[in-house]
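This structure is a prediction, so every number in the text was calculated from the model and none was measured. Convention: sequence-line order gives letters A, B, ...; per-chain numbering from 1.
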Number of protein chains: 2
Amino acid sequence: MPTIKEVALLAGVSTATVSRAMMNPQQVAEKTRRKVEAAIAEVGYSPNAIARNLRTSESKTIVVIIPDIENMFFAKIVRGIQTIAQQQGYKVLLGDTVHNATLANDYLELVRSKQADGVISLTAELPKVLQHGTSMPMVMACEYFPDFPIPTVRIDNQAAAYQAVKYLLELGHKQIAYISGPLDNPICIARSAGYRQAMQEAGYSINELAKEEGDFSFHSGHAAFERLHRQYKMSALFCFNDMMALGAMRSAISLGLKVPDDLSIVGMDDLLFSQYTDPQLTTIMQPQTLIGETAMQILIKILNAKTVHQDNVLQTQLLVRSSSRRYQKL
Amino acid sequence: MPTIKEVALLAGVSTATVSRAMMNPQQVAEKTRRKVEAAIAEVGYSPNAIARNLRTSESKTIVVIIPDIENMFFAKIVRGIQTIAQQQGYKVLLGDTVHNATLANDYLELVRSKQADGVISLTAELPKVLQHGTSMPMVMACEYFPDFPIPTVRIDNQAAAYQAVKYLLELGHKQIAYISGPLDNPICIARSAGYRQAMQEAGYSINELAKEEGDFSFHSGHAAFERLHRQYKMSALFCFNDMMALGAMRSAISLGLKVPDDLSIVGMDDLLFSQYTDPQLTTIMQPQTLIGETAMQILIKILNAKTVHQDNVLQTQLLVRSSSRRYQKL
DNA sequence: GTGAAAGCGCTAACAG
DNA sequence: CTGTTAGCGCTTTCAC
């Protein structure tokens, strides 16, 4: 790999001039600049970013921590992040934690060690790893932690779940079950609260058997429904995300149930495929692209000025499709 | 951020000793090491990887370049890569190029600048960017370039397409159309050849109207089918990947066609959702996890010993499901 | 407008 | 076993 020194030699200038020609072109004479550019092209020089970062303590790179790259929900969010990042000259690196806190920590390491300037976390694995109260430019998207004072962009999880369950109640359903994500996850706690709020408002008691736990994956939704089906007689099901809803729907169908005739299903997220399955999935849509864009905008503000915007709450929307219908006696 | 100097000062040793205590603990006296470790903990020191990499030219990190994070096909491959990487102590960073050669180049930059040791490319954007014949530890997965002597892990694209089309021919179909990815993409050229081979063997001529181009995305498959439907009367359709096949299937259905009664569809990849759509998608399965694992294993060998394993070809398999059926006169 | 020189934080000889 | 020294490749004062 050619270095700046070789370019300088060939162009007959000092390394400082070569550096300036790249960083502040207007500071260097037209003629000199052209010589430098020619030399750069000739040797095929490309600056060593790592040396540059070491010097400037800035990498113009951010890292996005994703819990599960197989969950399509995150793809659109990443795209939103990338759009803004690119506009502002930031590169984005993705880290998939496979729901593993140690890996999440490795990615945080990139920021500590100056390989990246900041991080957007889409995962809930972080607090286990943030005991040191380590402070770094960071924004949390989707997930959130009441105890950690980290700028967050998210939806109102309790209200969203409330809306989903309320919708099912209005259709006349009484036996409404739900499949949650990990029970200790704050967004799941909030969504559970939304479920309870809606049920209690309608005057129904909460049946512990009406709940099963998954991990947000398709397969966990499939498995959770099988357990649920054995233990609780329901006419409607609310799943905490679409991947699980889709898994549960498949499970229901293969158990011989008709959706929505025997079972209404409502999910949450609105994935690309949610509208193309059979039946199409009714769901609470999350503005995925906007979540990503907002998160990146906040991170850039933090990087520039240390301004902290706490807790941005974005709007969701109920999308009624064909996986849900009015309750009918069987 | 505390530096090694502060640790050294606090521990009452030189920076070299601190460094050794971290890199080669056995080289430093038990007692000294303990002092150093205590100092590290006290100031909350964490080494600046960027300075370290600048010095050692090694990062124990590899980068995976992905053309489109929204295409689920890549998720499983990435998981395969991660499994092996983790076993061998490598971190993996993901870079989504959004089909953009400039971004692809940025990620290559990570290797040139020693922020990563090697790269696995799942994208076809590279050659445009590799004019300089730049050599770096790299393996190509899925895509390949006949002209570039880069270790590759892939399937036999022509044979796979041949198998798909042959299958449709055996079902009695004669009017078989196909939706390709970008026409200048080598794997698409190979798959087109497989299509032609099968058609010609069966004694059918090639109709230029029986072909449309997409970009491997769901939406492009949807749009391509609409064009195809206007210009060519077909009883069967082969799509170069499942995302497009799923898009085409939706398009067909919304145009009032029955799948498979009016139109048989065969895809390629075998995504998680391919078996859960209605109808379930017949497809040529690619061993995604294995592709990822193999690619990473090869990269590690290159990193260790410069051994080059050219062109590993993995097996595919036709999965017959319900989106295809025997031809019937209408 | 340009060059000389210092140094970002770290590791790796080389001495001792 | 440990300290001293010399850079890795780059940017950035500070002079000229």
Side-chain angles (χ1 to χ4, degrees), chain A residues 1-40 43-61 89 109-117 136, chain B residues 1-40 43-61 109-117 134 136:
Chain A
M1 281 269 86
T3 74
I4 198 173
K5 224 188 253 174
E6 303 169 40
V7 175
L9 209 66
L10 182 61
V13 299
S14 74
T15 61
T17 301
V18 176
S19 176
R20 274 190 289 258
M22 312 187 72
M23 304 291 284
N24 299 73
Q26 75 289 0
Q27 261 187 47
V28 52
E30 174 72 19
K31 216 177 69 184
T32 326
R33 195 170 68 224
R34 292 246 284 270
K35 272 195 307 187
V36 171
E37 279 160 3
I40 287 177
V43 302
Y45 170 74
S46 113
N48 182 325
I50 222 172
R52 176 181 287 177
N53 297 352
L54 179 59
R55 195 52 233 258
T56 60
S57 310
E58 189 186 59
S59 60
K60 280 288 180 183
T61 299
E109 210 47 52
L110 293 175
V111 180
R112 294 207 189 89
S113 67
K114 305 293 187 194
Q115 304 197 69
D117 298 340
M136 63 173 75
Chain B
M1 281 267 89
T3 75
I4 198 174
K5 223 188 252 175
E6 303 169 41
V7 176
L9 209 67
L10 183 62
V13 298
S14 74
T15 62
T17 300
V18 176
S19 175
R20 274 191 290 260
M22 311 186 73
M23 305 290 284
N24 301 72
Q26 76 288 358
Q27 262 187 46
V28 51
E30 174 72 20
K31 216 177 68 186
T32 326
R33 195 169 68 227
R34 292 247 283 272
K35 271 194 307 188
V36 171
E37 279 160 1
I40 287 177
V43 302
Y45 169 73
S46 117
N48 181 327
I50 226 169
R52 174 182 287 176
N53 296 352
L54 181 60
R55 197 53 235 253
T56 60
S57 307
E58 190 188 59
S59 58
K60 278 289 179 186
T61 300
E109 212 45 58
L110 293 175
V111 181
R112 295 208 189 89
S113 67
K114 308 294 185 194
Q115 303 196 69
D117 298 341
T134 322
M136 65 173 73

Sugar-phosphate only, base, or nothing, as touched by Val13(B) at under 4.0 Å among non-hydrogen atoms: sugar-phosphate
Separation of atom CD in Glu58(B) from atom P in dC8(D), rounded to whole Å: 19 Å
Point-to-point distance, once rounded to the nearest 0.5 Å, from CG of Leu54(B) to CZ of Arg52(A): 13.5 Å
Gln27(A) CD to dT11(D) P, straight-line distance once rounded to whole Å: 13 Å
Nearest-nucleotide 5' precedence on DNA chain D, Leu54(B) against Gly12(B): Gly12(B)
Lys/Arg-Asp/Glu bridge criterion (N-O < 4.0 Å) met for Arg34(B), Glu37(B): no
Ser19(A) (side chain) donor-acceptor with Thr15(A) (main chain) under 3.5 angstrom: no
Nearest-nucleotide comparison on DNA chain D, the residue closer to the 5′ end among Thr3(A) and Arg33(B): Arg33(B)
Interatomic distance where CG belongs to Asn24(A) and C1' belongs to dC10(D) [whole Å]: 14 Å
Polar side-chain atom of Thr32(A) near backbone of Val28(A) as donor-acceptor pair, under 3.5 Å: no
Interatomic distance, Met23(A) CE vs dT13(D) P [rounded to whole Å]: 11 Å
Bounds of contact between DNA chain C and chain A, in 5' to 3' order, using a heavy-atom cut-off under 4.0 Å: dG1(C) to dG9(C)
Test item: side-chain donor near acceptor, Thr61(B) and Gln115(B), under 3.5 Å: no
Residue met sooner reading DNA chain C from 5', once Asn48(B) and Arg20(B) are mapped to nucleotides: Asn48(B)
Ionic contact status for Glu30(A) with Arg33(A), cut-off 4.0 Å: yes
Gap between atoms CZ and C1', on Arg52(B) and dG7(D) respectively (whole Å): 17 Å
Donor/acceptor link under 3.5 angstrom from Arg55(B) side chain onto base of dG9(D): no
Closest contact, heavy atoms only, Asp117(A) versus Lys60(A): OD2-N, 2.8 Å
Sugar-phosphate, base or nothing in reach of Thr56(B), heavy atoms under 4.0 Å: sugar-phosphate
Touch class at under 4.0 angstrom, heavy-atom based, for Ala29(A) against every strand present: sugar-phosphate
